[in-house]
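If you read the sequence from its start, that first residue is 1, and numbering goes on from there. Since this is a predicted model, take the numbers as computed values, not measurements.
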Amino acid sequence: MSGTDPEPRGSFLDALKRRTVSSDLQPPVPPALRQATAYAWRLLVIAAALGVVIFVVIQLKLLVVPLLVAILVTALVWPAFSFLLRHRWPKWLAIVVTVLGTIALISGLVWLAVWQITREFGSVQERTVDAVSQFRQYLIDGPLHLSAQQIDDGLRQAGTFLQQQAEVLWTGALAIGTTIGHVGTGVLLTLFILLCLLADGGGIWRWTTRLFPRVARPAVDGAGRAGWRTVKSYARTQLLVATIDAIGIGLGAFLLGVPLSIPIGVLVFLGAFIPFVGAVATGALAVFIALVYNGPLVALFMLIVVLGVQQIESHVLQPILMGSAVKVHPLAVVLVVAGGAMIGGIAGALFAVPLAAFANVVAVYLSSKAWQHAGQDLASRDLIWQTVPRERGRRS
């Protein structure tokens, strides 16, 4: 006995539990590294899953591309189709009028473009050759003092680059097939899917949800419907953008005396469905035609028209008519469209933004468990970008 109280047995066991045995051969892994590796392997699994999905989509492109085209066309014509149904038209008649009206509109635009191109092609070709010759002579005699060999080498390099890029885009453009038969099959399949979606889209979606476990069906159904509303809002917005841009730029080209004003308007209308990038490319084409045919002054006025129409459409008319239905940051659009073009060419660029917006809203819907709270507003959530449709006139 030392005269002092012995240490309680419980405190001795607690001290043993708190002790950590370390070894120089196996030092403990830092918590930050463990957390980083946990995120890393999960990201690798997600990347692998996405890679498998992209591989399957590429292998089944003859089916996937017509399906996506039909879904996007359905979203575009849905306002007109719903309008006919609300006014008590029979469904079969509403389908016939909607589909035939869409085909007639597209065919009319293509016919007008081809008609004006065939009528003015010779004159435009002659003026273009003269403009190129004058510009070439200016490069030789002007302040740059380039030689003919330098100009030819530069043109050869530019031609090679454009050819390479055209091959990449053309590969994506032929995603539904490389032969006329495949293209025709894709068009017929798209038309058939469109008819089925208009006739029984609700039934097809209910059948799709039954493929999932019963406990997951409410979440799948709610997420799918939220994504579909976003796609419809996107399509309606892009249709408005395309119409305003095409009328404004085409009319401006006609008033300035720029040739091929109707084909320019048609290209602007079609290009607007590839957000941001399409408008820039088709607007640049209009300015280039004005430059080579009408000269620098008219080209400058054409550039002012293009920029003015796009600014009025995006900052004045679209907010008034559509509210804040779909707002995507230009940086996100450019990155998504570029990624889609690298994966699937023109088809990838066309579907990149609606697919990304759909996936974004579905992910937010599932993560917030919005199906458990009826009427929950996803607009108040933090989104990658703001694509949740909201009522007109509502402020974010």
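A 4.5 Å side-chain heavy-atom check between Arg34 and Pro30 finds every atom pair outside the cut-off. Side-chain contact between Phe192 and Leu188 is absent, with no heavy atoms from C-beta onward closer than 4.5 Å. Counting only heavy atoms from C-beta outward, the side chains of Ile249 and Met302 approach each other to under 4.5 Å. You'll find the side chain of Trp207 stays beyond 4.5 Å of the side chain of Asp200, heavy atoms only.
Under the 4.5 Å side-chain contact rule for hydrophobic residues, Ile95 and Trp205 do not share a cluster. The hydrophobic clustering, which links ILVMFWY residues whose side-chain heavy atoms are closer than 4.5 Å, places Val97 and Val73 apart. Tracing side-chain contacts under 4.5 Å through hydrophobic residues (I, L, V, M, F, W, Y), one reaches Val69 starting from Leu191; they form part of the same cluster. Both Leu100 and Leu93 are members of a single hydrophobic cluster when ILVMFWY side chains are connected at heavy-atom separations under 4.5 Å. Hydrophobic cluster membership is shared by Val337 and Leu72, with clusters built from Ile, Leu, Val, Met, Phe, Trp and Tyr side chains linked at under 4.5 angstrom.
In this structure, the side-chain contact (heavy atoms from CB on, under 4.5 Å) partners of Val362, at least two apart in sequence or on a different chain, are Ala223, Phe358, Leu366. Taking the side-chain contact (heavy atoms from CB on, under 4.5 Å) definition, one finds that Thr37 meets it with Leu33, sequence neighbours left out. By the side-chain contact (heavy atoms from CB on, under 4.5 Å) test, Arg88 is found to be paired with no residue, residues two or more places apart in sequence or in another chain being considered. Not counting sequence neighbours, the partners of Gln116 by the side chain to side chain donor-acceptor pair (under 3.5 Å) test are Glu120. When the side-chain contact (heavy atoms from CB on, under 4.5 Å) test is applied to Leu307, the partners found at least two apart in sequence or on another chain are Leu303.
Sorted by first then second residue, the side-chain hydrogen bond (donor to acceptor under 3.5 Å, both in side chains) pairs that include residues 276-294, not counting sequence neighbours, are Ser123-Tyr293. Evaluation of the side-chain hydrogen bond (donor to acceptor under 3.5 Å, both in side chains) test over residues 93-115, restricted to residues two or more places apart or in two chains, returns none. Pairs of residues two or more places apart, or lying in two chains, that qualify as ring pair (Phe, Tyr, Trp, His ring centres under 6.0 Å) and include a residue from residues 81-103 are Trp78-Phe81, Phe83-His87. Listed by first and then second residue, the salt bridge (Lys or Arg N to Asp or Glu O under 4.0 Å) pairs that reach into residues 205-224 are Asp221-Arg225, sequence neighbours excluded.
As a member of the Ile/Leu/Val/Met/Phe/Trp/Tyr network built from side-chain separations under 4.5 Å, Leu50 groups with Ile46. The hydrophobic cluster containing Leu251 also includes Phe254, Leu255, under a criterion of side-chain heavy atoms closer than 4.5 Å among ILVMFWY residues, counted directly or through chains of members.
Closest non-hydrogen pair, Val336 versus Val353, comes out as CG1-N, 3.9 Å. For Ile244 against Val309, the heavy-atom pair with the smallest separation is O-CG1, 3.9 Å. In terms of heavy-atom proximity, Val364 sits nearest to Ser367 at O-OG, 3.0 Å. Ile193 and Ala70 make their closest contact through CG2-CB, 3.5 Å (heavy atoms, listed as atom of the first residue, atom of the second, distance). Pairing each heavy atom of Ala94 with each of Leu85, the nearest pair is CB-CD2, 4.1 Å. Looking at every heavy atom in both residues, Leu76 comes nearest to Ala235 through CD2-O, 3.4 Å.
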message = What verdict does the side chain to side chain contact (heavy atoms under 4.5 Å, CB included) test give for Leu62 and Thr185, after you've listed the backbone C-alpha separation in whole Å, the side-chain angles of each residue and the deciding distance to 0.1 Å?
response = CA-CA 9 Å; Leu62 294 176; Thr185 302; over 6 Å; no
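Under a 3.5 Å cut-off, the side chain of Ser368 and the backbone N or O of Tyr365 do form a donor-acceptor pair. A donor-acceptor distance shorter than 3.5 angstrom exists from the side chain of Thr208 to the backbone of Ile204, with no hydrogens or angles considered.
Here CD of Gln238 is found 9.0 Å from CG of Leu240. Values are rounded to the nearest 0.5 Å. To the nearest 0.5 Å, the span separating CG on Leu194 from CG on Leu189 amounts to 11.0 Å. In this structure, Leu68 CG and Leu355 CG are separated by 5.5 Å, a value rounded to the nearest 0.5 Å.
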Under 3.5 Å donor-acceptor pairs involving side-chain atoms of residues 261-273, not counting sequence neighbours:
none

